[in-house]
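Only one structure is covered here, and it is reproduced in the block below.
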Amino acid sequence: LPRGTVDVYLGGHTHSQMRHVVNGVPAAQSAPFSREFSTVEIFIDRRARRVLDGRTIIRPPTMICAEVYRGTDHCDPRMAPAGAALEPRFFEGHRVARDARVQAVIDPFLEHVADRRNQPLGLTATAPFTRTGLRESELGNLLADALREWSGADIAFMNSGGIRSNLRAGDLIYADIFEVSPFDNYPAIVTMTGAEVIESLRATSGGDRGLLQVSGLRYTIDASRDADKPPSQRNRVTAVTLANGEPVDRQKLYTVIMPDFLAYGGDGLAVVMNTIPPERIEIGQERPVRDVIIEALQRRNEPLTPLVEGRITIVNAPAR
């Protein structure tokens, strides 16, 4: 079969579907959390050893529900038509129903998850913390500071794409932090030269991905610089200092804490991480990032207040 991968995003309502061609074979990936599935019909020419694209059918995702809102194929109350009642769900002629044997196995785990999600943290946010990958964010500062406080590192990086929701105001429970950081990433401490720190900021500020949220650093981006080059070749970083205003020493070694996603080269950092000796990368897999963030915030023993203080300065930004 011909090799190669092509991804096409199809969006609609709250459903999403990724259509893939992997090694010539169509595949479908529905929305997360196992709430949906898709079906694919593939026809193959056995003599030519290829998929007949014209006959392939990739159906839209459909929600897994025992009951759906009348006239729809979903059970999400956020999408319920006005006045619509629930009715039994059928799929390919069979009624969709819970399997009591499977449910009996799963229920104890669901109860444990519910207890964990609702666990009070003893933390209070005085106002909502918002996230963005386009500039310095209140939530990015909070998370990066927590990582640095927990580890004692000189610098912290937090990838904006790893911050998946805003943080509400009020008394927080475990689910609030889980929704902010749902991935099972682990804290990584990387010993980097100042030059590698600066290159990390350059590699992630080309405009094709969210900026690195930082602690212990300040940096400036000229959004108009290298506009004629591909994002990976742009050098839009014009100044980098430590938080106290001292310049970053390109030869000096700094300890930098980050999610292991970045240490493994995610979000464009492979250009840096692939050059760092393995003995300078330490990944702790005892607890995920969200748990060490919670621990650090609990150590403060004070309410959490949103803060933006000029860690990332963007000049010549296009008008929004």
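Sorted by first and then second residue, the disulfide bond (SG atoms under 2.5 Å apart) pairs with a member in residues 122-213 form an empty list; sequence neighbours excluded. Listed by first then second residue, pairs satisfying disulfide bond (SG atoms under 2.5 Å apart) with a partner in residues 71-136 read Cys65-Cys75, not counting sequence neighbours.
Ionic pairing of Glu67 and Arg95 is not present here: no N-O contact between side-chain nitrogen and carboxylate oxygen is shorter than 4.0 angstrom. Under the 4.0 Å criterion applied to side-chain N and carboxylate O atoms, Glu295 and Arg287 are assigned as salt-bridge partners. A salt bridge is defined here as a Lys NZ or Arg NE, NH1 or NH2 lying under 4.0 Å from an Asp or Glu carboxylate O, and Arg300 with Glu149 meets this definition. Ion pairing of Arg234 with Asp228 is absent here, as no side-chain N (NZ or NE/NH1/NH2) approaches a carboxylate O to less than 4.0 Å. Salt bridge Lys252/Asp249: absent, no basic N to carboxylate O contact under 4.0 Å. At a threshold of 4.0 Å, the pair Asp99-Arg101 counts as salt-bridged, since one of the basic side-chain nitrogens sits closer than that to a carboxylate oxygen.
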task = Applying side chain to side chain donor-acceptor pair (under 3.5 Å), run through Arg311 and Ser137 and close with a yes or a no.
result = CA-CA 9 Å; Arg311 300 181 189 186; Ser137 78; over 6 Å; no

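Judged purely by atom type and a 3.5 angstrom limit, Arg209 has no side-chain atom pairing as donor or acceptor with the backbone of Gly133.
Screening Val68, Asp73, Thr39 against Thr62 for a side chain to side chain contact (heavy atoms under 4.5 Å, CB included) leaves a single residue, Asp73. Of the candidates Arg164, Arg117, Arg168, Glu179 forms a salt bridge (charged side-chain N to carboxylate O under 4.0 Å, His left out) with just one, namely Arg117.
Other residues, nucleotides and ligands contribute only 12 or fewer heavy atoms inside 6.0 Å of the CG atom of Asn301.
With a 6.0 Å cutoff to the six-membered ring centre and a 45° limit on the axis angle, Arg116 counts as a cation-pi contact of Tyr174.
Residues Phe157 and Ile155 share a closest heavy-atom pair of CE2-CG2, 3.9 Å.
Residues Ile173 and Gln119 fail the side-chain proximity criterion, which asks for heavy atoms closer than 4.5 Å.
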